[in-house]
Amino acid sequence: CTSCEAGRYSSTPSSATCLACEVGKAATTGSSICTTCSPGISSGDRSHCICGLGSTPAIPGGIGIGQLRDASSVRIRDASNNSPTFDSEGVVSGRAEVYHNGQWGTICDDDFGDSDALVFCRQVGNELGYSVISGTRVSSSNTPDGSGQIWLDNLACSGSEESLDECNHGGWGSHDCDHSEDVDVTCKFLQVDECEACPAGKFSDTIDTSPCTSCEAGRYSSTPSSATCLACEVGKAATTGSSICTTCSPGISSGDRSHCICGLGSTPAIPGGIGIGQLRDAS
């Protein structure tokens, strides 16, 4: 029997096929049910949940501590030739391996860069139900060289692909490398179990795992779950992370609406009157 691929499920024994998860639900490889993504949304292939516009993961980095499970098409191997263990921020590192034609093999480091590492990590995440925060090539490593087959060389991913199959390369098994050139990667993952709304004064204009961003000076968001910040009107101003714009009276606002200034024929009422105390941190 074959496991249902990520994004599909079979809920009963003796199934002849796997069904696709509905929009707003997701399933990892071999699932019997689809999990509702609430209040987030499902990725395009229904393999994992992501946070929608105006929201962010409730617990960034909340993937937990433990060993990375092996995906069926790609895997990472540590110094003990085992699957690596997550650190406290959801990061794993090790030798990159790919499964092809019934056999595991390594990837040569020729032309391999961070965009290739990102796609490799994304393929791992897509199978296991993790969202990818980052993927980078490890320039030097304590991981021993691999053995056996070298599957890929001169990999050329743009970074937007969902799997290595979508990237250009020199052909399966075609290479001029030895195992001293096996490439290592570092992946940072996030498992989105819950999303929370961006608070007033912040926004998120991406559908992914990015944190909420403070509105820049001169702009504001007055309600939670904002996907953008609005510009202050003429005569009003707002500092970074504002939920409202303050009326400049009887002054006027600066050109970028970031602060109030005195107009023609007027002067600050209390020159230097900023008060005594500690300077707050800017963002």
Side-chain angles (χ1 to χ4, degrees), residues 1-6 28-30 47-48 63-191:
C1 296
T2 303
S3 295
C4 294
E5 61 184 14
T28 56
T29 302
S47 65
H48 58 285
I63 200 167
I65 306 299
Q67 192 172 36
L68 176 70
R69 291 179 291 122
D70 282 341
S72 61
S73 61
V74 284
R75 68 183 185 184
I76 301 174
R77 283 295 176 262
D78 63 13
S80 301
N81 205 37
N82 295 316
S83 185
T85 299
F86 291 109
D87 70 6
S88 60
E89 296 185 347
V91 174
V92 288
S93 297
R95 186 178 62 249
E97 296 190 356
V98 60
Y99 191 76
H100 178 71
N101 201 27
Q103 184 178 359
W104 286 102
T106 60
I107 302 172
C108 183
D109 63 8
D110 291 347
D111 299 326
F112 192 98
D114 287 348
S115 59
D116 306 298
L118 178 60
V119 176
F120 177 90
C121 295
R122 183 177 294 126
Q123 185 169 344
V124 173
N126 284 346
E127 285 199 37
L128 301 182
Y130 302 144
S131 293
V132 175
I133 303 300
S134 63
T136 56
R137 172 183 169 172
V138 178
S139 56
S140 60
S141 172
N142 295 323
T143 305
D145 299 338
S147 61
Q149 182 68 50
I150 298 175
W151 273 129
L152 292 173
D153 188 17
N154 301 118
L155 196 62
C157 302
S158 69
S160 62
E161 297 89 350
E162 293 295 321
S163 70
L164 299 179
D165 289 334
E166 299 175 21
C167 303
N168 293 323
H169 53 76
W172 289 101
S174 177
H175 63 87
D176 56 359
C177 308
D178 58 47
H179 282 293
S180 66
E181 299 173 85
D182 289 343
V183 76
D184 280 40
V185 297
T186 293
C187 302
K188 184 174 182 178
F189 295 112
L190 174 67
Q191 187 169 24

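FYI, side chains are in, hydrogens and waters are out, and symmetry mates aren't considered; it's all heavy atoms of this structure. Each residue takes its place number in the sequence, starting with 1. Quantities reported herein were computed from a predicted structural model and do not represent experimental measurements.
Using a 4.5 Å cut-off on side-chain heavy atoms (C-beta onward), L164 and L155 make contact. A heavy-atom distance below 4.5 Å is not found between the side chains of V92 and T85. At least one side-chain heavy atom of R75 sits less than 4.5 Å from a side-chain heavy atom of W104. For the pair I150/H179, a side-chain contact is recorded, criterion being any heavy-atom separation below 4.5 Å from C-beta on. A 4.5 Å side-chain heavy-atom check between F189 and V91 finds every atom pair outside the cut-off. Looking at heavy atoms from C-beta onward, D153 lies out of side-chain contact with F112 at the 4.5 angstrom threshold.
Within the structure, side-chain hydrogen bond (donor to acceptor under 3.5 Å, both in side chains) contacts touching residues 118-128 (residues at least two apart or in different chains) are S72-E127, S73-Q123, S73-E127, N126-E162. Judged as a salt bridge (charged side-chain N to carboxylate O under 4.0 Å, His left out), the pairs with a partner in residues 109-121 (not counting sequence neighbours) are, in order, D109-R137.
The main-chain N or O of P144 is found under 3.5 Å from a side-chain atom of R95 such that the two form a donor-acceptor pair. Put simply, the side chain of R69 gets close to the backbone of L128: a donor and an acceptor are under 3.5 Å apart. Side chain of D182 to backbone of G146: a donor-acceptor contact under 3.5 angstrom is found.
Residues passing the side chain to side chain donor-acceptor pair (under 3.5 Å) test with T186, sequence neighbours excluded: S93. Residues passing the side chain to side chain contact (heavy atoms under 4.5 Å, CB included) test with H100 are W151, W172, sequence neighbours excluded. By the side chain to side chain contact (heavy atoms under 4.5 Å, CB included) test, S3 pairs with T29, sequence neighbours left out. Contacts of D178 classified as side chain to side chain contact (heavy atoms under 4.5 Å, CB included), with partners at least two apart in sequence or in another chain: S180, E181.
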Show the numbers, then the answer: is there a side-chain contact (heavy atoms from CB on, under 4.5 Å) between Y99 and V74?
-> CA-CA 6 Å; Y99 191 76; V74 284; over 6 Å; no
Can H169 and N154 be said to form a side-chain contact (heavy atoms from CB on, under 4.5 Å), step by step?
-> CA-CA 5 Å; H169 53 76; N154 301 118; 5.8 Å; no
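Between C157 and S115 the shortest heavy-atom distance is O-OG, 3.0 Å. Scanning all heavy atoms of the two residues, the minimum distance from C121 to G135 falls at SG-CA, 3.8 Å. Of all non-hydrogen atoms in D78 and S83, the two that sit nearest each other are OD2-O, 3.6 Å.
Atoms OG and CZ, from S163 and F120 in turn, are 12.0 Å apart once rounded to the nearest 0.5 Å.
R77 and D70 are joined by a salt bridge, as a carboxylate oxygen and a charged side-chain nitrogen come within less than 4.0 angstrom of each other.
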